[in-house]
Novice: 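One structure coming up, written as structure tokens, with questions to follow.
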Amino acid sequence: MSLSPQSQASCSLNSFHHQMASTPSCPTTSASPELLLALKRTDSTFEEIPVIDIRDARSSDPVARRKLADLIRDACINSHGVADEVINDTVEAAKRFFALPEATKLELDIHKSPIFKGYTALLGENTDARGLGDLHEGFDLGWERPIQNSNSYESDTRDDGAMTGQNVWPASLPGFKEAVLRYYHQVLEVGKLLFPLFALALDLPEDFFDNKTTKPAAIMRLLHYPPQSPTSFETDPEGRQIGIGAHTDRHDPNLLSPHFFAEEQCFTILWQDRAGGLQVQNMAGKWIDAVPIPGTFIVNLGDQFSRWTNDVFKSTLHRVINHSGAERYSIPLFFGTDYNVLLEPIPTCITPGSPSKYALMTAGEYVRSRLEATYAHSVAV
Ligand SMILES: O=C(O)CCC(=O)C(=O)O
Ligand SMILES: [Fe+2]
């Protein structure tokens, strides 16, 4: 495991904080609420994405789990437990889907689904509002219940308020739905390991998110990025047409032009192939390559966490430019809370000097509003 200097620094700060918070006799308990909050913040000038082994998330030792929680932020995670075969089957399924004729894919056009499930054509999304459309196509799905002892899945008939509804599936691809949902449910388990770590990192009880994530509002996407010309920066110096435009959870009401679209959920677990092209911006404004590392997933913090933690967990701006010369495939899975959960600031994230910034709304209302904004520039085909 290699950790960047930044993550080691934040690790030791967090351990320091943990000692202060958990040891009543500690002389430093008089530290101000502002200092305690500052120690939790994820703002960072990292130069590389830290690689974190998450096997201790399953440890029965609370000290080991706490140590891991001190590290967990935007990171590349290994020892996640999802088998290569499960990943490969899903990538093959994605390749078969995107190779279908455009007209067949458009039968599942996402604009036809009131809850944003199905196919997004090339340029159908415009993640950065200054952009001219994203150079990727996608396929979106949500939760479906696995039927016990079978490879089948029941449609989602749960009442999730603003986002209730069913997935759509291609009729002509045997095995597609099974492969994709097998991956979905296994990565969902990885997400369930991370929520207690995030709770610990915020000095909350480890089970804080349990009753808020009973019906995981997890949206998964299969993404396909055609290669971009290596000289695209000459014809498009501002990068207005790239794989996925710059976006973040940082929806700052003070920005004159709030052009960054949001990652709608608490955090994302992303698989990417070897093509590379994902870049993350650090707080100094420098784009850092998220270099693909076989066997790992990338975790990045999402906008719901920003709202919930009053920006203590701040997500980073990211984008994709596929200059590899090859087709690129990736699979983000966005983890949210149950859609009926009210996103009210977590008490450990509010201090007199850092009052609540965001209007209250439910997670479902929030996700819906972000998706409506993302697809507003394109129309049904
Ligand atoms: O494809 C990737 O690597 C990133 C995808 C992404 O950022 C998104 O779908 O929000
Ligand atoms: Fe993203």
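Whatever order the structure lists them in is the order used to number ligands and atoms, beginning at 1. No hydrogens, no waters, no symmetry mates; every other heavy atom, side chains included, goes into these values. Here the structure is a predicted model, which means the values were calculated and not measured.
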Novice: Look at D56 together with R65 and state whether they make a salt bridge at an N to O cut-off of under 4.0 Å.
Specialist: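 Salt bridge between D56 and R65, a charged N being under 4.0 Å from a carboxylate O: no.
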Novice: Answer with side chain, backbone, both or neither: which part of I298 has a heavy atom less than 4.0 angstrom from an atom of ligand 1?
Specialist: neither
Novice: Quick one: does ligand 1 sit under 4.0 Å from the side chain of T268, the backbone, both or neither, non-hydrogen atoms only?
Specialist: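 None of T268 does.
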Novice: Any atoms of ligand 1 less than 4.0 Å from a non-hydrogen atom of H318? List them with their elements.
Specialist: 7 (O)
Novice: Could D311 and K357 be called an ion pair, given the rule that one side-chain N must be under 4.0 Å from one carboxylate O?
Specialist: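 Yes.
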Novice: Ignoring hydrogens, just give me the one of L270, I244, N322, I219 whose non-hydrogen atom is nearest atom 8 (C) of ligand 1.
Specialist: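 Looking at heavy atoms only, I244 sits closest to atom 8 (C) of ligand 1.
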Novice: Within a distance under 4.0 Å of any heavy atom of Y225, pick out the atoms of ligand 1 and give their elements.
Specialist: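 This gives 1 (O), 2 (C), 4 (C), 5 (C) as the contact atoms.
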Novice: Closer than 4.0 Å to some heavy atom of L223 - which atoms of ligand 1 meet that?
Specialist: 1 (O), 5 (C), 9 (O)
Novice: My understanding is that only one of F209, Y358, F335, F334 makes a ring-ring contact (aromatic ring centres under 6.0 Å, His included) with F305; could you say which?
Specialist: F209
Novice: Suppose we screen for side-chain hydrogen bond (donor to acceptor under 3.5 Å, both in side chains). Which residues come up paired with D289, at least two apart in sequence or across chains?
Specialist: Q279
Novice: Of all the heavy atoms in R328, does at least one lie under 4.0 Å from an atom in ligand 1?
Specialist: yes
Novice: Show the atoms of ligand 1 that are less than 4.0 angstrom away from any heavy atom in F334.
Specialist: 8 (C), 9 (O), 10 (O)
Novice: Mark up the atoms of ligand 1 that fall under 4.0 Å of a heavy atom belonging to V320, in ascending order.
Specialist: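 Atoms satisfying the 4.0 Å criterion: 1 (O), 2 (C), 3 (O), 4 (C).
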Novice: With sequence neighbours excluded, give me every ring pair (Phe, Tyr, Trp, His ring centres under 6.0 Å) pair touching residues 81-104.
Specialist: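 Pairs touching residues 81-104 that pass the test: F97-Y119, F97-F139, F97-F176, F98-H224.
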Novice: So if I count the atoms of ligand 1 from 1 in the order they appear, which ones are less than 4.0 Å from some heavy atom of P332?
Specialist: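 Listed by number with element: 9 (O).
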Novice: Between the side chain of R319 and the main-chain N/O of V280, is any donor-acceptor distance below 3.5 Å?
Specialist: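 No: the side chain of R319 does not pair with the backbone of V280.
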Novice: Using a strict 4.0 Å threshold on nitrogen-to-oxygen distance, state whether E107 and K112 make a salt bridge.
Specialist: no
